[in-house]
Amino acid sequence: MNKKIMALLLASCTLVSMAGCNSKKVEPSSEAASMITFDTGTSETSISETTTGTSEETSEETTESTSEETSAPETSETSAEKSATPTPKSIGKTSVTDAYKRAFTIKKTKYTTKYPKVTIKGVSTSAVNKEIANKFGPIAKKNESVVKYSYYVGKNYVSIFITVNLDAGMDGSNYYVYNVSRETGKKLSKAEMLKLLNMKDSAFKSKVTTAVKKWWSTNVPNYKSDKKAKEQYNKAIAAKSINSAVLYVNSKGKKCYLLRQMKAPTQMGTNDIYSTI
């Protein structure tokens, strides 16, 4: 056989033998297996991400719940504020000043006549001021008439005491009281004034009766022996007179009474009595 052909046959046989030897299945190493397990565990990674997402959603829900629980006390406080007792309205600054004033001279004697007006910040006092002006204005403008006033400003009221003398001190005087509410700017009734001063009507009448008797004993000591004086005294202590007594507070802050017997300041000389109780 040709030597070249023989060599080729031998080479082919060798290659076939080598292929048969390498036909055995190769098992992967443990390290390679771990790597494959990690790669095929992508679903585990996905589950982990899902869990994280769920955790975030749960966290948001928890945060919202906490927020609602935190807001509850604020709602409670708001309700408490709404149900709280309203703050009482403050009383405005109050003043009593001259609505009219003039000076005149009679026989070298100087006189001053004037009547007041009340001003209370925040409320209207026009009605009471108009009444005072209509009643005392025409008298104060007469040459021989003397109108004067004093006043006291209390916590919830203003008490004004007005004196009218029609003949420059030559005859008796008339007296008038105006109690005005600092809350409304309107005149106070006797009952309202008693309430503001924490007095019962029965107690007031009792004090007035005692004070009237004392006044007569001090200022008209002979009233028991003088028939006319005695008649006036009996009228002064009669129930009708005592019931007509007006409660007021003088400029020194003392509780007083006035027995009002004259309805109009144009009437001459009266027996009006006023004093503390």
Side-chain angles (χ1 to χ4, degrees), residues 85-99 114-137 147-164 173-215 235-265 267 270-277:
T85 303
T87 303
K89 181 181 178 182
S90 59
I91 298 177
K93 182 179 179 181
T94 303
S95 63
V96 180
T97 55
D98 298 336
K114 58 185 179 180
Y115 62 88
K117 66 178 179 180
V118 185
T119 303
I120 304 173
K121 187 176 181 180
V123 297
S124 174
T125 54
S126 58
V128 69
N129 286 335
K130 183 177 181 180
E131 182 178 331
I132 291 173
N134 290 341
K135 194 166 190 175
F136 302 102
V147 180
K148 295 182 179 181
Y149 69 89
S150 59
Y151 66 92
Y152 179 80
V153 178
K155 182 179 179 180
N156 300 312
Y157 64 89
V158 183
S159 199
I160 304 173
F161 186 78
I162 300 176
T163 302
V164 177
S173 297
N174 299 336
Y175 308 103
Y176 300 87
V177 167
Y178 284 85
N179 293 313
V180 182
S181 169
R182 293 184 65 193
E183 296 178 333
T184 65
K186 298 179 180 180
K187 288 197 303 181
L188 290 165
S189 66
K190 179 180 177 180
E192 290 172 329
M193 193 63 176
L194 283 168
K195 185 176 181 180
L196 286 178
L197 296 180
N198 297 316
M199 289 189 70
K200 291 184 178 180
D201 187 50
S202 57
F204 175 62
K205 290 176 182 177
S206 177
K207 287 180 177 293
V208 170
T209 302
T210 300
V212 170
K213 291 179 178 179
K214 183 179 179 180
W215 186 94
K235 288 181 179 180
I237 63 171
K240 183 178 180 180
S241 177
I242 299 301
N243 290 338
S244 73
V246 178
L247 174 64
Y248 73 99
V249 180
N250 66 16
S251 58
K252 296 181 180 180
K254 301 291 185 179
K255 295 177 184 177
C256 302
Y257 73 91
L258 165 65
L259 293 186
R260 187 189 303 273
Q261 295 182 3
M262 306 300 289
K263 293 183 179 180
Q267 293 175 288
T270 72
N271 293 317
D272 288 355
I273 302 171
Y274 67 93
S275 184
T276 57
I277 55 174

Could you measure the distance from the [atom1] atom of [X] to the [atom2] atom of [Y]? Nearest 0.5 Å is fine.
X: Leu247; Y: Ser159; atom1: CG; atom2: OG; result: 7.5 Å
X: Phe204; Y: Asn243; atom1: CZ; atom2: CG; result: 10.0 Å
X: Ile91; Y: Thr184; atom1: CD1; atom2: OG1; result: 10.0 Å
X: Ser251; Y: Tyr152; atom1: OG; atom2: OH; result: 10.0 Å
X: Ile132; Y: Ile162; atom1: CD1; atom2: CD1; result: 5.0 Å
X: Tyr151; Y: Thr97; atom1: OH; atom2: OG1; result: 8.0 Å

(message) Can you confirm whether or not the ring centre of Tyr248 sits under 6.0 Å from the ring centre of Tyr274?
(response) no
(message) If you take the centroid of each ring, where Trp contributes its six-membered ring, are Tyr115 and Tyr149 closer together than 6.0 Å?
(response)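 Tyr149 vs Tyr115: aromatic centres not under 6.0 Å.
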[Y] side chain reached by [X] side chain, heavy atoms, under 4.5 Å:
X: Ile273; Y: Tyr257; answer: yes
X: Met199; Y: Ile277; answer: yes
X: Thr94; Y: Val180; answer: no
X: Glu183; Y: Asn156; answer: yes
X: Val208; Y: Leu259; answer: yes
X: Val118; Y: Asn129; answer: yes
X: Val128; Y: Lys186; answer: no
X: Lys187; Y: Glu131; answer: yes

(message) Under the salt bridge (charged side-chain N to carboxylate O under 4.0 Å, His left out) definition, can you give me all pairs with a residue in residues 188-200, not counting sequence neighbours?
(response)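 As it turns out, the salt bridge (charged side-chain N to carboxylate O under 4.0 Å, His left out) pairs with a partner in residues 188-200, which skip direct neighbours, are Lys190-Asp201.
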Taking all non-hydrogen atoms of both residues, which atom of [X] and which atom of [Y] are closest, and how far apart?
X: Thr276; Y: Cys256; answer: CG2-SG, 3.7 Å
X: Met193; Y: Leu188; answer: SD-CD1, 4.0 Å
X: Val123; Y: Arg182; answer: CG2-O, 4.2 Å
X: Ala236; Y: Ser241; answer: O-OG, 3.0 Å

(request) Would you please test Phe161 and Thr163 for side-chain contact (heavy atoms from CB on, under 4.5 Å) and show each step? (result) CA-CA 7 Å; Phe161 186 78; Thr163 302; 3.7 Å; yes
(request) Assess whether side-chain contact (heavy atoms from CB on, under 4.5 Å) is satisfied between Leu197 and Val249, documenting all intermediate values. (result) CA-CA 10 Å; Leu197 296 180; Val249 180; 3.9 Å; yes
(request) Kindly say whether Ser202 contributes a backbone atom to a donor-acceptor pair with the side chain of Ser206 at under 3.5 angstrom? (result) no
(request) Answer yes or no: does atom NZ of Lys148 have more than 12 heavy-atom neighbours from other residues, nucleotides or ligands under 6.0 Å? (result)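 Result for NZ/Lys148: open.
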